[in-house]
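Structure first, commentary second.
Given the structure is predicted, the values throughout are model-derived calculations rather than measurements.
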Amino acid sequence: MTPTTHETTSPRPPVIIAGAGIGGLSAAIALRRVGVPVRIYERASRLGAAGSGLSVMSNAVAALASLGIDLHLSKRGQDIETFRVLDETGNLIREQPLKAVTDALGVPSVCVTRADLQDALLAEAEGTPLALGHAVAGYEPDPDGVTVRFGNGTSVRGSALIGADGFHSAVRRRLVGPEESRDSGYISWLAVTRFARPHLPAGYVGHYWGAGRRFGLIDVGQGRYYWWGTKNMPAERSRRWDGDKAEILATYAGWAEEVCDIVRATPMESVLAVPSHDRPFLERWGEGPVTLLGDAAHPMLTSLGQGSAMAIEDAVVLAGCLGAAPDDPAAAFRRYEDLRRERVRAVVAASRAVSEMEQLEDPVARRRRDEALRHADEGGLREQIEALLRWPPSPPA
């Protein structure tokens, strides 16, 4: 990428963004919209997205729209039209009123492949300086900015540093020291493949609940489905899983036909196996002209599908704060952190609570859970979903 005219004519040193993932690219796009020059440094030697999918929920779409940004994700992926929670054999437990909420908000929630989202962000960020092969090795803040050092021996000077370098963030490690991740007791298998079944409507999201295992089947458009599966297992094995497709198929033996069929239809080389983990919530996200964003600040479990949305929300709020005080990034960053902390804390906690509830193995506890969802008040469910999907958000309860 080459610098834009906007950036080359600005008298201010650029803000350095560590990481060209969803959070880093979103931050670059949002900051450019408010007139803040940026440069992105990515540790990978080439850009590429893993073969999985994700949801960009209405709150993220609306947050970007508040800055006049439209990634046209509905053209790349698929709006959620139907969201069903089912048991392992495909019997309906509850149809979630997500579509009713997104219709009321007037903003869709979109499921896309990670690659399609990355392509959309890169297209919007066209012209932003981006350097690959630059892993952050350290940084030194001072009253006039920050110097960032990279593992390849180079360094760069910027007015501020945003650590958007993901779960294993080097910026976070420099800020708070070494940390252990918090295992969630299960593995996740992820894949995208071409798939179709006549009884699955366009825009389908199905969550299938079994004993200590779950399965998600999600339409990501253009004849493709993203699927994920979970299985309770010790952290020692999930972190080094060396199983095969036979184990995955055995995990879902006897489940709904579409679940078994899509696993069979997926080449094993397309399946990613990742341990499910997060970190204890971090109270301090920055120091001086340095802050964290997205998974670097607040990694969360995937149960609510809000990981990408929280990173995008971060980017929009940060841009508002820094755009209002471009000559005082330290003050802008503390304002951003204060505005985001409680909203994100609530979503991180809810994601873990939902994960634990959905991974239950005890049959009595599972029956109680399923009955509670079947008989839950419709209005109450809508209120809970709307609290997640509304932008700007209400203060967390």
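- In this structure, Y225 and Y204 have tilted ring planes: the angle between them lies in the 30° to 60° band.
- Evaluation of the salt bridge (charged side-chain N to carboxylate O under 4.0 Å, His left out) test over residues 42-65, restricted to residues two or more places apart or in two chains, returns none.
- No more than 12 heavy atoms of other residues, nucleotides or ligands shown are found within 6.0 angstrom of CZ on R368.
- For K245 (side chain) and R264 (main-chain N/O), a donor-acceptor pair under 3.5 Å exists by modelled atom type.
- A cation-pi contact, defined as under 6.0 Å to the ring centre and within 45° of the axis, is absent between R213 and Y186.
- With hydrogens and angles disregarded, no donor-acceptor distance shorter than 3.5 Å links the side chain of R197 to the backbone of D261.
- Atoms CG and CG, on L64 and L121 in that order, are 8.0 Å from each other to the nearest 0.5 Å.
- Under the 4.0 Å criterion applied to side-chain N and carboxylate O atoms, R390 and E386 are assigned as salt-bridge partners.
- Interatomic distance, OH of Y226 versus SG of C111, reported as 9.5 Å (0.5 Å rounding).
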Q | Residue pair S181, F167: steps toward the side chain to side chain contact (heavy atoms under 4.5 Å, CB included) verdict | A | CA-CA 9 Å; S181 62; F167 190 93; 3.7 Å; yes

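- In this pair, H298 and W285 present their aromatic rings tilted. The plane angle is within the 30 to 60° band.
- The line from CH2 of W255 to CZ of R214 is 9.5 Å long, rounded to the nearest 0.5 Å.
- For CZ of R335, the number of neighbouring non-hydrogen atoms (other residues, nucleotides, ligands) closer than 6.0 Å is 12 at most.
- Remark: R369 pairs with no residue by the salt bridge (charged side-chain N to carboxylate O under 4.0 Å, His left out) rule, at least two apart or across chains.
- Around CD of E180, the count of heavy atoms belonging to other residues, nucleotides or ligands within 6.0 Å does not exceed 12.
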Name each donor-acceptor pair under 3.5 Å that joins a side chain in residues 132-139 to protein atoms two or more places apart or in another chain, with its distance.
| unit_1 | atom_1 | unit_2 | atom_2 | d |
| --- | --- | --- | --- | --- |
| H134 | ND1 | L132 | O | 2.8 |
| H134 | NE2 | N152 | ND2 | 3.4 |
| Y139 | OH | E287 | OE2 | 2.9 |

